[in-house]
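Just so it is clear, the structure is predicted and the values come from calculations on it, not from any experiment. The first residue of the sequence shown is numbered 1, and numbering continues consecutively from there.
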Amino acid sequence: IRVFGASSYGLYSIGQSIIDIAASIGLLGDGKGFIRFAASFLYKNDAPRLKGMIHGYIFICLLSSITIATLLFLGAEYLSLKVFHNSALVVVLKIFALSFPFYIFSIMVVPVGCAFQKMEYKVIVQEVAQPVINIIGIVIVFVIGARLYGAAACFFISSVATSILGFYLLKNLYPEITSVSKAIFGIKKLIVYSLPLIGIISCYCLLCRFDRIILGIYRTPFEVGIYSAASNTAMSILAFSSIFGASFIPVIAQLYHSDKKEELEKIYNCVTLWGMCITFILCLTLIIFNKEIISFFGRGLNAAEPVLVVLSISFLVEAASGQVRQLFEMSSHQNIELINSFAAIIVNVALNLIFIPSLGVMGAAFAFLSTMIIMSVARAIELKIIFGFLPFNRRYLKIIIFIIFAIVVSLLPVVNTNIIVRIATAIFIFSSFARLIFKSRSEEDMIVWKEMKISLSKKQGAGEMLCP
């Protein structure tokens, strides 16, 4: 926002949101279907089927991405003028459409790397190469004053560059990809298995991005820009909390398949609580220092401050249900999560359509918070019915009450008078929280942190975190 301005950033966010939603289709969800089959063939040393699965996955991803890119390119003018009512968006959407096949190919390398236990591919491509190229491009754009179209062009350049890098990594990882050796294809099996995953991942992408699209339809690009800044900042909470939760997915899966329900309940409750504690620390930081954080993006963005507060609380609410989605997927209950995802989209879209026309960015934030509350309650009920336990037990009641109390205190007007009061409040709450956690620790907590340390120290553990 500081470089391009809120309005230009808003138009860029609309294009990026469309691309992110489309990517969940172009990649067959998140590639877990491919990883499942490819890893199996690799373990069995079934070279023909492994090669056929890799070729098939690449073919499906490229075909779907080219199809989606063509539709977006041809429909760019209609979407810009008839739906979003902004002619400046036409060029942006066309540039994003041209970038899409390259973008998909660069991301497609990550599931292939995961199947071969090359977990660093995600870091190389998505966490290093693409951001670095984008940053360099943004600096150049800022110097020459290209702004909106320059930012879109940077996305195109980074997508092309990382796709070339991705092909190099793929060729280095699996030299047989360009050979004429025998290949046995299993495209139908891959598509059938991936359809529920596409639904789940697409719904999650829609849930996180569709509010910006509806804002773009009913409100101004400026509002989309400030909402996107607040939303992206709040979503950073997930980057840290998901690392903690993902470390224990294999442990939880092993306990479930070993029919150790009592141990599963204890570990699940403990992991959920600690995940929520980590989320709470990040959430409270964003709430208390929302003014300073939003001011980093530029002046005149005061409307984003309450949005950041509401969205931060939303992700804290989501963390309260724990790793329910992963537990459902591992226990052959993925259809329940698919229904949950569709229900969340319906609820979120309906609430956005109700709130956004009159309340603008705060309407979108309240719609997201309401959806998270409904979904967390629904998942807790489903967890109780299917597995016989809730995300928390009574032992954690004091900590949960403290978290709720601390959030309420941080929202009091007296706390937000000046920076000194906010710092003092943060120190008091965090120190009190640390003492409470120290007194409430148990044997299960020690097991969880020991497992976390082991997971972080192993390459395989890092791979589980990098390949969600």
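Aromatic ring centres of Phe155 and Tyr103 lie closer together than 6.0 Å. Side-chain rings of Phe280 and Phe433 approach one another, their centers coming within less than 6.0 Å. Between Phe96 and Tyr12, the distance separating the two ring centers is shorter than 6.0 angstrom.
Counting all heavy atoms, side chain and backbone alike, Ile429 lies closest to Phe402 at O-CZ, 3.6 Å. The nearest pair of heavy atoms linking Cys205 to Ser24 is SG-CB, 4.1 Å. Between Gly216 and Ile14, the shortest heavy-atom distance links the atoms CA-CD1, 3.9 Å. Nearest heavy-atom pair, Cys283 versus Ser312, reported as atom, atom and distance to 0.1 Å: SG-O, 3.4 Å. Counting all heavy atoms, side chain and backbone alike, Leu215 lies closest to Glu223 at CD1-O, 4.5 Å. Across Ile213 and Ser17, no two heavy atoms sit closer than the pair CG1-CB, 4.3 Å.
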>> Walk me through whether Thr220 and Ser7 qualify under side chain to side chain contact (heavy atoms under 4.5 Å, CB included).
In response: CA-CA 8 Å; Thr220 65; Ser7 295; over 6 Å; no
>> Evaluate Ser13 against Ser228 for side-chain hydrogen bond (donor to acceptor under 3.5 Å, both in side chains), listing each step before the verdict.
In response: CA-CA 7 Å; Ser13 296; Ser228 297; 3.2 Å; yes
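Between the side chain of Ser80 and the backbone N or O of Val90, at least one donor-acceptor pair lies under 3.5 Å. At least one donor-acceptor pair closer than 3.5 Å links the side chain of Asn290 to the backbone N or O of Ile287. A donor-acceptor distance shorter than 3.5 angstrom exists from the side chain of Tyr57 to the backbone of Leu27, with no hydrogens or angles considered. A donor-acceptor contact shorter than 3.5 Å links the side chain of Arg219 to the backbone of Pro357.
Salt bridge absent: Lys94 and Glu77 never bring a charged side-chain N and a carboxylate O closer than 4.0 Å.
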Tell me which donor-acceptor pairs under 3.5 Å the side chains of residues 368-379 have, and how far apart each pair is, sequence neighbours excluded?
from: Ser370; atom 1: OG; to: Phe366; atom 2: O; distance (Å): 2.8
from: Thr371; atom 1: OG1; to: Asn348; atom 2: ND2; distance (Å): 3.2
from: Thr371; atom 1: OG1; to: Ala367; atom 2: O; distance (Å): 2.8
from: Ser376; atom 1: OG; to: Val317; atom 2: O; distance (Å): 3.0
from: Ser376; atom 1: OG; to: Met372; atom 2: O; distance (Å): 2.9
from: Arg379; atom 1: NH2; to: Glu337; atom 2: OE2; distance (Å): 2.5

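Here the CD1-CD distance, from Ile339 to Glu382, works out to 8.5 Å after rounding to the nearest 0.5 Å.
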